[in-house]
Amino acid sequence: MTEQLADLTRPYEPQAVERRTYAFWERLGYFTPTIDPTRRPFVIAIPPPNITGALHTGHALTFTIEDILIRWHRMLGDPALWLPGTDHAAIATEYLVKQALAQEGLTKEALGRRTFLGHAWEWKAQYHGIIVEQMKRLGVSVDWSRERFTMDEGLSRAVRTVFVRLYDEGLIYRGEYMGNWCPGCKTVVSDLEVQHRDEEGELWYLRYPLAADPSRGIEVATTRPETMLGDTAVAVHPDDARYKDWIGQELELPLVGRRIPVVADAAVDPAFGTGAVKVTPAHDPTDYAIGKRHELPTIEVIGADGVMTAAAGRFQGLDRMAARAEVVEALRQAGALIRTEPYNHAVGHCQRSDDVIEPRISLQWWLKVEPLAGPALEAVRDGRITIIPDRFTKVYTNWLENLHDWAISRQLWWGHQIPVWTCADCGRVLVQIDNATACPGCGGKRLEQDPDTLDTWFSSALWPFSTLGWPEQTADLAYFYPTTVMETGYDILFFWVARMVMMGLHFMGEAPFRTVYLHGMVRDAFGRKMSKTKGNVVDPLDLMDQFGTDALRLSMVTGNSPGNDLRFSEQRIEAGRNFANKLWNAGRFALSYRPPEHSPEAAPLELPERWILSRARAAQREVTRLLEQFQLGEAARAAHDFFWGEYCDWYMEMVKARVLDAAPAGSAARQRGTAAQRTLLDVLEQSLRLLHPFMPYVTEELWQHLRQCRPSLPESVALAPWPSGASAPPNGSASGVAGDGDGAAEEAMAALITTITVLRNYRAEHGIEPTQKLTVAAGAIPGLPNNGYLLEVLANASLVATPGPGPLVKLLVGTAELTIATSSDLPAERARLEAALAEAANEASRARAQLGQPGFVDRAPAAVVAKARERLSLAESHQRRLEAQLAELLG
RNA sequence: GGGCGAUUAGCUCAGUUGGUUAGAGCGUCUGCCUUACAAGCAGAAGGUCAUCCGUUCGAGCCGGAUAUCGCCCACCA
């Protein structure tokens, strides 16, 4: 890619390099790992984006986190597989396709199943293409050769296999039970797909007269008066003294005239309402249970489409909402409405269409979850699976401990059609993996497949193993299962994560992943959830166009921790862009730096080189440690701080200080220049590797430039070894001191840096013009004699053996004392000394207080006590010297 | 009705084995177009870490309570 490199003399334009860089990576083919039995692979199965639309910032967050982990592990040398794919998102996609068709005045019923599915596949193709493009732009290093789709052939076979096995094991059963019905989507949905919202409603009090004596009656309270048409009993608590005599009596249902019994059932809360509850077994889960216990008839008055049925009598044909008003009015006229009161209660809505969910009895396929939930709980309890952050462990276990059976069938067309056939001739039911062609019972050929499809999460639950080839025993499956990390949003902990654990354990005998890393939700700048209706959705592509991918990625991980929501704003991403820009500029400085009369021979490393190399290793260790703990934001910050705050702000400035040192050939300065050039590139090279997982594009671009002067480097930074900071860097490049840290260099340089800072402060506080040099006595500061040029350039000071004549000022730098010749006037100097003295006295008294705490010296660790003593002695010495200085000044 | 999270600088947030001087980005103020970068450089101001009680020699961090905001779960009509 040499010929296409961005111009180093020009500002960085991320957009210009991103596409070709991704293509370059793809050409190298290293996103496809090689199976190496001697190494444990690092595997992430991508949370497959729904093909419902383009990607949003939530995807940018997921993919950024996963890409950081994958790139890091790839650099560590692990066979790293990130397996991509997309999800058919049954109900969501069908809903959108139906809406799109509605624009053209078409309905799925009019088109028929086959044609409708054709449209859905077209939709899938379109959005799949968009999603793939967006993912590539984001830089995701997934293995495209293994890409899957939940409805492709292999995964469909996995779904059927699972269904059949669970059926054979008796875990899947079919039956008429009460489920959550969405009249808009015209399908049953699972408990999880119902979103409860508190709504202001009313509580209507109705009077049901005693059949034998209409002058007496029983009052019931309801939030859903329209369902009274389907009432088949009134229930009271068995111990409720008020109603003892009513139990077993018959009431006459107003408007309908039906005779209904009063039954006693413990499910009734005597304290609520009137203590008597109308029972509508066809339209309420509790009533349904009561109905079962008392063998009450069920009368369906609301149909599948939310419209009143024939059983609703004169209300037939009315929408359920309209029916409510009509029924209330009729009850009022009949004198059966006693009163109403305002009432807040939770109303279930369809996650997809937002329609009010209707509890409804229908024939569905169900999955018994209890036998699956136990092992899933155990896997987390015994630590085979770790959830990050830990607090979600409890959420996970609470949910699994209170699971109801899962309604897995859907009255939808888009999805995996249930592999169950009924023989039209003999009525035999076939549950099998392959399409049924002939009835084994009667030989009949008229087999009808169950028209329903499976819940989209049924197939997602198999993702970690179905994508690796299961039910075939493939090499991929043997090597890459179980996956390592499941990274996803906490919002689908139940929908997806828990179900993957259940299925993985059941079918593979091993948990599908070791670590669950849950990220938070991306919210807008005001903390609101992003939604299309609010119009606050941010398109990641726009952001990448505007700021660059690296900037977007960085803004996704910095200043955030696992499980916490992320408030997104353009200001955050600007900071990322600035850093990418910094990186680019630092790179071009390092790459273009030529010391005067550059000579290639090795030169000894001096203090600044030893220092920055030691600091680089420290940063690498820190970043590694943080990544190991999944503290990605902190890791990015540590890398950022090292690069900007130490390499750029200090080391590069130190290097520049030498260029100005016009020294004759063969002099020390000449030597320094050579060592500096080498070190500048060494640390750049290490930094590119360190930052690459976070900012793949700039680092790759600079890497390619770096390779022009160091051709032995790996052809991509993505393939370079991870800088662990443990020892000397590889590739034979100069590394300075071997080992972990160069304590002596760090200490000496810290003293110099403090000195320079003290001088800069002094200049700023005293308003000393940049043109004016400070005259400073050399000697007192460790490292100063040999590195005086640093002080001269970075603090704009001129070093002399003995300062003066004229007024002298002594600045305290740690235990040392820096003497500068200055024109500072007496009042200003006095003020400075007094302020410093006050501070030193303050510090001393704080240290004294700590040491004086009863028990401190005895109970605190020796190191802490020693530190406090050191603090005290330094503060006291400062105090004494400042007092002396003050006395001298005044006296 | 349960459970969880948040509360730290003007704003957005870090702060993961409790050590006395709590950090970053953005914003603000001062001075600099110093030939890598003004998307920058050098400085500065700004916090009784929501409140109360406790544990401890020592608490932003551990325990308890309270307040405010947010989220999740839940078949009381």
Side-chain angles (χ1 to χ4, degrees), chain A residues 8-9 11-12 178 191 196 203 220-224 227 235 267-269 271-274 276-280 284-289 343 345-346 348 359 389-392 394-395 398-399 402 404 490-491 493-494 520-521 525 527 547 551 555 558-561 563-569 571-572 574-593 626 629 631 633-634 637 640-641 648-649 652-653 656 757 760-761 763-765 767 769-770 793-796 843 846-847 849-861 863-865 867-868 871:
Chain A
L8 254 194
T9 63
Y12 182 56
M178 176 151 285
D191 295 345
H196 294 275
L203 196 56
V220 295
T222 182
T223 55
R224 305 201 50 202
T227 63
V268 179
D269 176 7
F272 186 88
T274 61
V277 57
K278 61 189 269 315
V279 180
T280 322
D284 182 274
T286 311
D287 295 6
Y288 176 75
Y343 187 66
H345 66 304
D390 181 53
R391 62 175 188 272
F392 285 104
K394 202 168 161 187
V395 181
N398 283 349
W399 187 74
N402 299 293
H404 298 288
Y490 63 69
D491 57 330
L493 178 62
F494 308 141
M521 303 295 108
F547 299 100
S555 73
T558 51
N560 185 238
S561 46
N564 287 335
D565 289 353
L566 179 72
R567 204 176 278 215
F568 183 85
S569 71
Q571 283 186 343
R572 293 176 55 85
E574 275 178 30
R577 177 201 56 183
N578 294 352
F579 184 50
N581 186 243
K582 187 75 179 177
L583 207 48
W584 176 252
N585 284 306
R588 50 185 194 143
F589 174 75
L591 286 161
S592 63
Y593 176 75
L626 290 164
Q629 296 176 7
Q631 297 188 61
E634 284 294 284
R637 184 200 49 73
H640 166 281
D641 289 356
C648 293
D649 285 349
M652 288 194 162
E653 294 307 315
K656 284 196 231 166
T757 305
R760 283 173 175 172
N761 280 341
R763 297 189 71 104
E765 277 164 23
E769 296 291 323
V793 178
L794 299 183
N796 194 18
E843 168 73 1
R846 271 199 305 266
Q850 185 184 4
L851 284 162
Q853 270 161 3
F856 174 73
V857 177
D858 300 328
R859 313 198 59 164
V864 175
V865 176
K867 200 173 156 192
R871 220 156 58 88

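A quick note: this is a predicted structure, and the numbers were derived from the prediction, not measured. Letters A, B, ... are given to chains in the order of the sequence lines, protein chains preceding strands, and every chain is numbered from 1.
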So, under a plain 3.5 Å distance rule, would you say the side chain of Gln850(A) forms a donor-acceptor pair with the base of rU20(B)? yes

Enumerate all atom pairs, one protein N or O and one N or O from nucleotides 63-66 of chain B, separated by less than 3.5 Å.
none

Of the listed nucleotides (rU20(B), rA74(B), rU16(B)), which one gets closest to any side-chain atom of Gln631(A)? rU16(B)

Nearest-Å distance, NZ (Lys394(A)) to P (rG3(B))? 7 Å

Rounded to whole Å, the CZ-C1' distance (Arg637(A) to rA24(B)) equals 7 Å

Given rU21(B), rA14(B), rC76(B), the nucleotide with the shortest approach to the side chain of Arg846(A): rU21(B)

Taking ring pair (Phe, Tyr, Trp, His ring centres under 6.0 Å) as the definition, give me every residue that meets it alongside Phe547(A), ordered by chain and number, with sequence neighbours left out. none

Residue Arg588(A), side-chain atoms from C-beta onward, closest of rC37(B), rC76(B), rG15(B): rC37(B)

Is there a donor on the side chain of Lys656(A) or the base of rA36(B) sitting less than 3.5 Å from an acceptor on the other? yes

Of the nucleotides rC73(B), rC41(B), rA77(B), which one has an atom closest to the side chain of His345(A)? rA77(B)

Give one of base, sugar-phosphate or nothing for Glu653(A), where a contact means two heavy atoms less than 4.0 Å apart. base

Looking for any heavy atom pair under 4.0 Å, which part of the strands does Asp858(A) touch: base, sugar-phosphate only, or nothing? nothing

Dot-bracket summary - RNA chain B, pairs being Watson-Crick or G-U whose distances fall under 3.5 Å, with | when paired to another strand: (((((((..((((.....[...)))).(((((.......))))).....(((((..]....))))))))))))....

Roughly how many Å is it from CG in Asp269(A) to P in rC75(B), rounded to a whole number? 16 Å

Side-chain atoms of Arg391(A) come closest, of rG5(B), rG58(B), rU16(B), to rG5(B)

Filtered N/O pairs between nucleotides 46-48 of chain B and protein, under 3.5 Å:
none

Just N and O in the side chain of Lys582(A): are any of them under 4.0 Å from OP1 or OP2 of rG25(B)? no

Which letter, B, S or -, goes with each nucleotide of nucleotides 7-12 of chain B from 5' to 3', with contact meaning a protein heavy atom under 4.0 Å? -----S

Would you mind classifying the nucleic acid contact of Ala575(A) as base, sugar-phosphate or nothing, using non-hydrogen atoms under 4.0 angstrom? sugar-phosphate

Value in whole Å for how far the P atom of rA24(B) lies from CG of Asn578(A): 16 Å

Set out, line by line, the N/O atom pairs under 3.5 Å between protein and nucleotides 67-71 of chain B.
none

